[in-house]
Amino acid sequence: MTSPMYILHGAGPVAAMQDKLGWYLMIVSIIVVVVVGILVLAGARRRHDGRDQVARSGSGMRWVIVGGIIVPATVLVVTFALTIATEDATASPPADPAVTVQVIGHRWWWEVKYLADPAHTVVTANEIHIPVGQPVRVELSSADVIHSFWIPQLAGKTDVIPGQRNVAWLEADSPGIYRGACTEYCGLQHSNMAAFVVAESPAQFAEWLETQAKSAAPPSDPDAAAGLAVFQKSACAACHAIRGSDALGQVGPDLTHLVGRMTLAAGALENTRGNLTGWIANSQAIKPGNDMPTMTLSAGDLQALVSYLETLK
Ligand code: CUA
């Protein structure tokens, strides 16, 4: 849905450092496998020829010391040093990140909070907007079980652990949508727990953040107004918040700017009116086991509700 997940096309400085280490490890591993393969074949042939007494001679001993101790030890020490250096360089963002985002793992979606402006906490879900070319600090925590946050084109995996705050660093070199996923098995819908990073120009990002900080305007259309009443009197408001309405639920995603999102249900569905209607009517058929109950609404109430939700731009 929306964009494929690329694993080998790094698109930011963190991914570039990790890519470099990955390719180094890959090349060293291939060389080791090839060399060991050649030695095993040569050894088998020599035994076949009955010439294994060479192993006990002086040149045989040199082979053992150089090939068996010095070379492997050097490769291991260099690999260790490069790994530590890469981990150190990518562990946390530069001291002065442009943006700090809190990402909270839930079964099975991501809550996204921006703390840049304390007066207006922006809350959204599954889509993390960032300014291009600037370091973004991502503070990860979990509301339930262990998840793992991975946007492969931007950075490696970071575990998302209940009761603990882990920090990741994202930075994109160019604008685009970077798809990621939860990569720690977290239950039935683990595979439907996508995350998207939307990298845009700093001006577009600032505009997006400003829009997101606004409350939802009361609907002017009578159908949508009826939908708001349905939302507030049904189970919806117990779990979802819409800033600007009486709905303050904290269990499910904040819906204040629902229409601006690309997908519903953490990447499971494209965000269209039809999919939204189907999701409300029977989300358990689409993403079994999710926390949203099956809503028993009349057809009229359901359409009014969707008309209201479609005003949440
Ligand atoms: Cu969350 Cu797997």
Side-chain angles (χ1 to χ4, degrees), residues 1-10 12 14-15 18 22 90-92 100-115 122-130 136-170 172 177-199 239-241 249-255 258 261-271 275-276 279 282-294:
M1 185 77 43
T2 300
S3 60
M5 190 162 113
Y6 296 109
I7 294 176
L8 294 175
H9 299 145
V14 183
Q18 291 166 339
T90 57
S92 47
T100 296
V101 196
Q102 276 189 0
V103 175
I104 301 146
H106 293 258
R107 287 196 293 178
W108 292 278
W109 58 284
W110 301 97
E111 186 176 6
V112 181
K113 289 184 177 176
Y114 289 80
L115 307 170
V122 162
V123 187
T124 180
N126 306 318
E127 290 168 25
I128 303 162
H129 285 243
I130 65 170
V136 174
R137 179 184 165 91
V138 183
E139 297 180 347
L140 294 157
S141 57
S142 170
D144 36 52
V145 299
I146 299 176
H147 305 270
S148 184
F149 180 75
W150 190 30
I151 312 289
Q153 284 184 275
L154 302 183
K157 302 169 183 179
T158 307
D159 276 349
V160 180
I161 298 168
Q164 189 173 318
R165 174 168 294 189
N166 286 349
V167 176
W169 165 26
L170 296 181
I177 298 166
Y178 302 97
R179 189 189 173 119
C182 176
T183 59
E184 178 83 40
Y185 181 71
C186 55
L188 203 54
Q189 295 297 334
H190 158 69
S191 61
N192 278 320
M193 193 169 166
F196 299 89
V197 169
V198 181
C239 293
H240 294 281
Q250 297 291 314
V251 178
D254 184 298
L255 302 178
L258 173 67
R261 294 181 204 152
M262 298 175 289
T263 72
L264 301 171
L269 296 171
E270 217 173 303
N271 189 2
N275 283 341
L276 181 59
W279 175 255
N282 192 357
S283 76
Q284 294 300 326
I286 297 162
K287 196 167 167 178
N290 87 83
D291 277 346
M292 182 136 147
T294 299

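For ligands, and for the atoms within them, numbers begin at 1 and follow the listed sequence.
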>> Just to confirm my numbers, could you give the angle made at atom 2 (Cu) of ligand 1 by O of E184 and SG of C186, rounded to 10°?
In response: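 With atom 2 (Cu) of ligand 1 as the vertex, the angle is close to 110°.
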
> Side chains of N290 and S283: do they bring a donor and an acceptor to under 3.5 Å?
Replying inline: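 Judged by distance alone, the side chains do pair up.
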
>> Between H129 and T124, does the side-chain contact (heavy atoms from CB on, under 4.5 Å) criterion hold? Intermediate values first, please.
In response: CA-CA 10 Å; H129 285 243; T124 180; over 6 Å; no

>> Below 2.8 Å, can you find an N, O or S atom of H190 next to atom 1 (Cu) of ligand 1?
In response: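 Here the distance criterion (N, O or S atom, under 2.8 Å) is not met by H190, so no.
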
>> Using a distance threshold of 2.8 Å, state whether an N, O or S atom of S148 lies below it from atom 1 (Cu) of ligand 1.
In response: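 Not a single backbone or side-chain N, O or S atom of S148 is under 2.8 Å from atom 1 (Cu) of ligand 1.
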
>> What verdict does the salt bridge (charged side-chain N to carboxylate O under 4.0 Å, His left out) test give for R261 and E127, after you've listed the backbone C-alpha separation in whole Å, the side-chain angles of each residue and the deciding distance to 0.1 Å?
In response: CA-CA 7 Å; R261 294 181 204 152; E127 290 168 25; 6.0 Å; no

> Do the ring planes of H106 and W109 sit parallel (below 30°), tilted (30 to 60°) or perpendicular (above 60°)?
Replying inline: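 Because their plane-to-plane angle is under 30°, the rings of H106 and W109 count as parallel.
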
> How wide is the angle at atom 1 (Cu) of ligand 1 between ND1 in H147 and SG in C182, to the nearest 10°?
Replying inline: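 Reported to 10°, the angle equals 120°.
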
